[in-house]
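Just so you know, ligand 1 is whichever comes first in the structure, and atom 1 is the first atom listed for that ligand.
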Amino acid sequence: MTRVRIDLNISLDGYASSANPTPENPMGEDWGRLVGAYTATRTFRRRVLGDTSGAGTTGVDDAYATGYFEGIGAEIMGAAMFGLHSFPDDPDWKGWWGDEPPFHAPVYVLTHTAPRPSMPMQGGTTFHFRSPAAIEEVLAEATAAAGGLDVRVGGGVGTARAFLLAGLVDDLHVSIAPILLDRGTRLWDDLRGLEITHQVRSEVAESGTIHVTFTR
Ligand SMILES: NC(=O)c1ccc[n+]([C@@H]2O[C@H](COP(=O)([O-])OP(=O)(O)OC[C@H]3O[C@@H](n4cnc5c(N)ncnc54)[C@H](OP(=O)(O)O)[C@@H]3O)[C@@H](O)[C@H]2O)c1
C-alpha cells in the first residue's frame, strides 16, 4: 500500500532551510553544511550527479541515501523547491536537476502561478504543475500515479510542513546535521506529539549526523 514519505536535512536546532539565499547562491549560505553528509554519499554522487567512479561515503549516511531512492512512484514539491520563485520569468525553467532529473517518476509541482504544460524529461521524470483546492487533492492524484509505490513529499519546508500538519505523512526521516543555524525556516513548530502518533527510531552515522525516523 502506498505510504507518504518525507526525507529532510535539518540542523540540530531544527532549521530545514538555509538563510540568505541570493541569485548567485540560491540554496543559501549554510546549505553545504546542512546537506554535506548526504551529498558526500556514494549514492547521492551516483544517483544525482551521475558519478559512476564509486567515490563517496558508504556508511550509515549512504544506507539512508539508498533508502531515499527506493520505492517512490510519484513526488510532490512546492514551487520554491522546483525553482519557480528563483526564475519566475522563465517559462521554460525545468528545475535544478538538468535534462535527466533523479526522480524517474511523475513530479507534481504545487504553484498558484499560471498553469504550465507538463514537462516530460529524460529518464522517466515528468513535471506536472498543479494548483489544488486542497493538498489532499494532489496527494490523491500522485497516489494514483504511483501505482502502489510510495509518494514522497520532497519539500521545501513549507510544503513538507503542510503535509505533516495535515497528518498525511506515514514516514518522516530527518537527517540531523550536528550544526546550529539559529536562522532559516523551522521544521518542528506546531508538531507537538508526532512521537506519539509515530514510532521513533534514531541512529547516529559516522559523520555525526543523527538519522531519526518517525513511522506511523
Ligand atoms: N532541508 C531539506 O532537506 C530541504 C529539502 C528541500 C528544500 N529545502 C528548502 O526549502 C526551501 C523552500 O521551501 P519553501 O517552504 O520556501 O517553499 P516550497 O515548499 O518549495 O514552495 C512553496 C510554494 O509552493 C506553492 N504552493 C505550496 N502549496 C500550494 C498549494 N496547496 N497550492 C498551490 N501552490 C502551492 C506556493 O508558491 P506560489 O504561490 O508562488 O505558486 C508556495 O509559496 C528552500 O530554502 C530549500 O532549500 C530544504
Can you name the closest pair of heavy atoms from V200 and V212 and give their distance? CG1-CG1, 3.7 Å
For atom 3 (O) of ligand 1, what's the nearest protein heavy-atom neighbour? Residue, atom name and distance, please. N9 N, 2.8 Å
Specify the protein heavy atom at minimum distance from atom 7 (C) of ligand 1: its residue, its atom name, and the distance to 0.1 Å. G156 CA, 3.5 Å
Looking at H85, M27, E137, the heavy atom closest to atom 37 (O) of ligand 1 belongs to H85
Heavy atom of the protein closest to atom 36 (C) of ligand 1 (residue, atom name, distance): H112 ND1, 3.9 Å
For atom 15 (O) of ligand 1, what is the closest protein heavy atom, and at what distance to 0.1 Å? G158 N, 2.6 Å
For atom 17 (O) of ligand 1, what is the closest protein heavy atom, and at what distance to 0.1 Å? A80 CB, 3.2 Å
Determine whether any heavy atom of P132 lies closer than 4.0 Å to an atom of ligand 1. yes
With a 3.5 Å cut-off and no angle check, do the side chains of T215 and T213 form a donor-acceptor pair? no
What is the closest protein heavy atom to atom 5 (C) of ligand 1, and at what distance does it sit? L8 CD2, 3.7 Å
What class does the angle between the rings of W97 and F103 fall in, given that below 30° is parallel, 30 to 60° is tilted and above 60° is perpendicular? perpendicular
I'd like the name of whichever of V35, V138, L110 reaches closest to atom 25 (C) of ligand 1 through any heavy atom. L110
Quick one: do D170 and R216 make a salt bridge, cutoff under 4.0 Å? yes
Looking only at distance, does T111 have an N or O less than 3.5 Å from an N or O of ligand 1? yes
For S17, the ligand 1 atoms with a heavy-atom partner under 4.0 Å come out as 45 (O)
So D62 and T43, side chain to side chain donor-acceptor pair (under 3.5 Å) or not? Walk me through it. CA-CA 6 Å; D62 192 53; T43 297; 2.7 Å; yes
So is there a nitrogen or oxygen of M81 less than 3.5 Å from a nitrogen or oxygen in ligand 1? yes
For the pair W93 (side chain) and F82 (backbone), establish whether a donor and an acceptor sit closer than 3.5 Å, ignoring hydrogens and angles. yes
Which atom pair, heavy atoms only, marks the closest approach of L164 to L187? CD1-CD1, 4.0 Å
Should the ring pair Y38 and F69 be called parallel, tilted or perpendicular, given that the plane angle runs from 0 to 90° and is split at 30 and 60? parallel
Please state whether V157 comes within less than 4.0 angstrom of ligand 1, counting heavy atoms only. yes
Which heavy-atom pair separates L8 from G154 by the least distance, and what is that distance? CD2-O, 4.1 Å
Quick one: look up the protein heavy atom nearest atom 47 (O) of ligand 1 and list residue, atom name and how far away it is. W31 CZ3, 3.4 Å
Test your reading of the structure: does I135 have an N or O sitting under 3.5 Å from an N or O of ligand 1? no
Quick check: T159 and ligand 1, any N/O pair under 3.5 Å apart? yes
Between T2 and L149 (side chain of the first, backbone of the second, donor and acceptor by atom type, cut-off under 3.5 Å), is there such a pair? yes
Please verify whether a non-hydrogen atom of T185 lies at under 4.0 Å from ligand 1. no
Sub-3.5 Å donor-acceptor pair from the side chain of S17 to the main-chain atoms of T185, do we have one? yes
So if I count the atoms of ligand 1 from 1 in the order they appear, which ones are less than 4.0 Å from some heavy atom of T113? 41 (O)
Can you pull out the closest protein heavy atom to atom 24 (O) of ligand 1? Residue, atom name and distance to 0.1 Å, please. A79 N, 3.0 Å
Using a 6.0 Å distance limit plus a 45 degree cone around the ring axis, check whether R116 lies over the aromatic ring of F127. no
